[in-house]
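In what follows, a structure is listed as structure tokens, so that the remarks can point back to it.
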2 protein chains.
Amino acid sequence: MPLINELDDFLALKDRFIPQLSVDCVIFGFHNQQLKVLLLKLKNLDLWALPGGYVDQSEGIDEAAQRILEERTGLRDIYLEQFRVFGSADRSTKEFIQKIMEVHRPEAMNDSWVLQRYVSIGYYALVDFSKVNPKPDFLSESSEWFEMKQLPKLAFDHREIIQKALETLRITLDSKLVGSNLLPETFTMMELQSLYETILEMPLRRNNFQRKMLSLDILERVEKLYTGAANKAPYLYRFKKS
Amino acid sequence: MPLINELDDFLALKDRFIPQLSVDCVIFGFHNQQLKVLLLKLKNLDLWALPGGYVDQSEGIDEAAQRILEERTGLRDIYLEQFRVFGSADRSTKEFIQKIMEVHRPEAMNDSWVLQRYVSIGYYALVDFSKVNPKPDFLSESSEWFEMKQLPKLAFDHREIIQKALETLRITLDSKLVGSNLLPETFTMMELQSLYETILEMPLRRNNFQRKMLSLDILERVEKLYTGAANKAPYLYRFKKS
DNA sequence: GCAAAAGTGTTCTCAATACACCCATGA
DNA sequence: TCATGGGTGTATTGAGAACACTTTTGC
């Protein structure tokens with residue numbers, strides 16, 4: 001069984017990683033006017049989890065997060081932001097790891113290094129939904145996008161981590177040019193506004209939003225987009241390089 | 001020699017702590033119109049360092065930071081904020097720890113757990129300067145306040161950590177009621193303004209500053225302060241409880 | 001009374017808001 | 001030509017900046 005081999009191989013890597021330290025990534029995407037998060041379905045369990053991993057002894061924590069992201073999405077040089085460390089004494093990681101290991105290798109459970117208490121560094125990532133090619137890791141059977149509003153049953157304290165990531169995203173929304181990472185190359189003003197409304201969870205005024213965005217001098221107009229609808233064709237925009 | 005015993009005792013604590021994870025605290029105080037940072041002078045070295053420590057297996061990271069702060073300042077329930085993790089692969093911790101250990105126990109150097117690579121969680125703390133009773137730890141011979149503008153030679157990447165802490169403090173200045181932690185119980189408007197000017201490193205207009213602070217509805221006037229100077233006596237203010 | 005610093009009033013500016021209008025598109 | 005949604009013009013509001021003025025204190 002390849003599954004067991006993979007787990008054994010992984011458990012043998014103990015010395016490669018910094019012990020009791022993990023990285024969890026909240027990967028945000030935007031699709032169909034919805035803010036989405038990429039989650040992994042744990043094998044044989046009715047539980048989902050954030051993409052995560054460990055920090056190799058020879059790599060920095062940011063590189064570890066980039067590597068984990070690349071492994072789960074196929075994308076390089078993703079926009080990434082460290083936002084908080086989760087390290088309270090009563091983080092319920094052990095119970096979940098036990099559950100996971102029971103499914104795979106009950107006999108290896110007692111002395112494994114993964115059963116220790118963990119401190120986890122939270123990162124959030126912004127990706128172009130359409131470019132992501134989700135890949136589950138060896139502990140999970142699938143990888144799917146979920147709407148922020150309809151998250152499934154989550155393992156560990158991952159619901160809290162997602163919540164904190166979203167709060168951070170909201171606070172830094174204006175200063176971080178979030179759109180340039182979450183939207184495709186070109187987009188309409190309505191899509192950009194919809195993104196902001198979704199993140200902030202509040203309606204914005206169409207005309208004022210447009211004026212404000214244009215006044216920031218970060219967008220340039222491309223051609224018009226003819227959808228076939230019986231109304232004025234909107235311009236497509238793109239973020240300026242510089 | 002008590003010094004050596006203390007170090008040996010400490011090195012024997014290996015299993016109590018989460019390995020390769022440390023906490024560094026940037027303790028800000030305000031005195032004589034100056035923003036200050038509390039630093040420790042490493043024994044027999046011309047180097048200063050931030051108060052720091054390790055996370056006990058049974059405590060959360062926030063509690064660890066609180067414990068470290070209490071040990072170095074004598075104060076409980078300090079205002080504390082996690083601001084960033086420092087974990088790049090090339091953090092120059094090993095060289096410094098070697099220097100420190102050479103001074104104390106050159107023969108214990110090779111296999112010690114403190115010589116490993118470390119990931120450090122940065123916290124900043126805001127304290128009432130006048131209430132702090134600085135105490136050095138067993139690796140340091142003294143504990144002193146330094147002006148932000150005149151920091152001494154610092155070990156590790158502690159200069160960078162202090163810099164990042166200050167940047168975070170600046171950004172969150174308006175939303176965090178910084179004054180209520182850095183100033184004594186009562187203070188003049190001029191002192192509050194001076195604090196803001198020091199943190200922001202920019203002059204503010206006296207009259208506009210006063211109006212803005214009063215309009216926030218977080219201050220209450222106490223009695224006037226008669227200094228003996230030949231001018232109008234300023235009111236003393238205090239932060240409202242609520 | 002005078003200098004010095006505290007406190008208040010008033011205008012100006014600019015950006016965010018709100019409301020209104022014009023433009024393009026396909027049926 | 002009409003409904004629909006995109007784009008722009010303009011009045012209003014409010015916070016912050018800039019300037020001026022009044023008040024209090026000890027000499």
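Per chain, numbering begins at 1; letters A, B, ... match sequence-line order.
- Aromatic rings from B:Tyr118 and B:Tyr54 are positioned such that their centres are separated by under 6.0 Å.
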Inset, instruction - Report the C-alpha distance between B:Tyr123 and B:Tyr79 in whole Å, list the side-chain angles of each, state the deciding distance to 0.1 Å, and finish with yes or no for ring pair (Phe, Tyr, Trp, His ring centres under 6.0 Å). - result: CA-CA 10 Å; B:Tyr123 281 83; B:Tyr79 178 88; over 10 Å; no
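- By the 6.0 Å and 45° rule, B:Arg221 does not stack over the aromatic ring of B:Tyr237.
- Between the side chains of A:Glu197 and A:Gln193, at least one donor N or O lies within less than 3.5 Å of an accepting N or O.
- Of all nucleotides in DNA chain C, those with any atom nearer than 4.0 Å to a heavy atom of chain A start and finish, going 5' to 3', at C:dT17 to C:dG26.
- B:Lys232 places its NZ atom 6 Å from the P atom of D:dT24, with the value rounded to the nearest Å.
- Applying the side-chain contact (heavy atoms from CB on, under 4.5 Å) criterion to B:Arg117, with sequence neighbours excluded, gives A:Ile18, A:Val55, A:Gln57, B:Gln20, B:Val119.
- Using a 4.5 Å cut-off on side-chain heavy atoms (C-beta onward), A:Met189 and A:Leu219 make contact.
- Ring to ring, B:Phe239 and B:Phe187 are close: their centroids are under 6.0 angstrom apart.
- For A:Phe156 and A:Phe96, the distance between ring centers is under 6.0 angstrom.
- Within residues 204-215 of chain B, the residues having any heavy atom under 4.0 Å from DNA chain C are, by residue number, B:Arg206, B:Asn207, B:Gln210, B:Arg211.
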